[in-house]
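A quick write-up on the structure given underneath.
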Amino acid sequence: MAGSAYERVYAVVRRIPRGRVATYGQVAELAGLRGPGRARRIGYALHALPPGTTVPWHRVINARGEVSPRRRPGEDLAQRLLLQREGIRFDARGRVPLARVRWRPRGRARATGRPRRPR
DNA sequence: TGCTTGACATAAT
DNA sequence: CATTATGCCAAGC
């Protein structure tokens, strides 16, 4: 039930508006999981989603602005089509301009389009 | 109970 | 800018 790390992740993904995308790291941070490595769990959580879910999992992509290459060929392609269907354009390299389509949650948390972590 | 894999991220080359 | 190597944590077997 609610309270699980997965539920928090799903809750965040559900807030992603149509036509916008979020990165795994961004979702992880918004879900309360911070730091490197947590992003990996986001993919795991989404993969655990049951069929027929209402969670817009396809709006979650990697930090490169690219659809993560998955083990099953074709799945990533389907994700790309879903995004294109929402008005998101991909360039020849299969990447999306994150600066333009990245979801910017306001008031709820930071993750403003600023680089996260100075080195 | 312990090892391997994984829808990633970051730093280095 | 692309690729390679390493780190992190949890779930699956």
Side-chain angles (χ1 to χ4, degrees):
Chain A
M1 264 299 275
S4 300
Y6 278 27
E7 288 297 325
R8 287 198 297 270
V9 172
Y10 300 151
V12 172
V13 177
R14 259 181 224 143
R15 288 188 190 116
I16 305 175
R18 183 168 163 285
R20 280 275 140 84
V21 298
T23 62
Y24 292 99
Q26 183 180 357
V27 173
E29 190 171 333
L30 291 172
L33 310 172
R34 307 184 238 178
R38 312 316 183 186
R40 216 163 191 182
R41 284 184 281 155
I42 303 302
Y44 230 72
L46 294 179
H47 186 268
L49 278 169
T53 178
T54 56
V55 179
W57 56 270
H58 56 274
R59 291 177 194 148
V60 184
I61 60 179
N62 62 28
R64 295 177 182 174
E66 199 172 35
V67 175
S68 291
R70 294 188 14 312
R71 309 292 264 103
R72 306 267 200 249
E75 298 278 309
D76 53 330
L77 216 41
Q79 180 175 3
R80 176 174 155 177
L81 285 175
L82 282 170
L83 291 175
Q84 287 184 332
R85 202 163 126 207
E86 296 189 347
I88 295 179
R89 300 236 221 139
F90 285 75
D91 58 13
R93 288 170 303 200
R95 302 199 330 202
V96 301
L98 277 181
R100 208 167 87 156
V101 301
R102 199 204 258 248
W103 171 47
R104 298 177 187 176
R106 351 180 209 170
R108 301 289 268 205
R110 29 225 185 57
T112 51
R114 236 169 217 238
R116 353 180 146 135
R117 201 192 216 209
R119 51 174 129 153

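Remember, it's a predicted structure, so these values are computed and weren't measured experimentally. Order of the sequence lines fixes the chain letters, A, B, ..., with proteins taken first and strands second; residue numbering starts at 1 for each chain.
Taking atom CZ of A:Arg38 as the reference point, atom P of B:dA7 lies 19 Å away to the nearest angstrom. Summarising the geometry, the separation between CG on A:Leu77 and C1' on B:dA7 is reported as 15 Å, rounded to the nearest angstrom. The nearest whole Å value for the distance from the OH atom in A:Tyr6 to the P atom in B:dG6 is 14 Å. As a whole-Å value, the separation of A:Glu66 CD from C:dC1 P is 13 Å. If you measure from atom CG of A:Asn62 to atom C1' of B:dC8, you get 7 Å, rounded to the nearest angstrom. Atom-to-atom, CD1 of A:Ile42 to C1' of C:dC8 comes out at 13 Å; the value is rounded to the nearest Å. In this structure, A:Tyr24 atom OH and B:dT10 atom C1' are separated by 17 Å, rounded to whole Å. At whole-Å resolution of the value, CD in A:Glu29 and P in C:dC8 are 18 Å apart.
The two residues A:Pro56 and A:Val13 make their nearest non-hydrogen contact at CG-O, 3.3 Å.
Within the structure, salt bridge (Lys or Arg N to Asp or Glu O under 4.0 Å) contacts touching residues 39-68 of chain A (residues at least two apart or in different chains) are A:Arg59-A:Glu86.
A:Leu77 belongs to no hydrophobic cluster with other residues, because no ILVMFWY side-chain heavy atom falls under 4.5 Å from its own, directly or through intermediates.
Here the side chain of A:Arg70 is nearest to one of C:dA11, C:dA10, B:dA7, namely B:dA7. Of all nucleotides listed (B:dG6, C:dA10, B:dA9), B:dG6 comes nearest to the side chain of A:Arg40. Here the side chain of A:His47 is nearest to one of B:dA9, C:dA11, B:dA7, namely B:dA7.
Between A:Arg41 and A:Arg64, the residue anchored nearer the 5' end of DNA chain C, judged by the nucleotide with its closest heavy atom, is A:Arg64.
In this structure, A:Arg80 forms a cation-pi arrangement with A:Phe90, its terminal cationic atom sitting closer than 6.0 Å to the ring centre and no more than 45° off the ring axis.
In this model, a donor atom of one side chain and an acceptor atom of the other lie less than 3.5 Å apart for A:Arg102 and A:Gln26.
A:Arg59 comes within 4.0 angstrom of no nucleic acid atom, judged by non-hydrogen atoms across all strands.
Here A:Trp57 lies parallel enough and close enough to stack on the base of B:dA7, with planes under 30° and ring centres under 5.5 Å apart.
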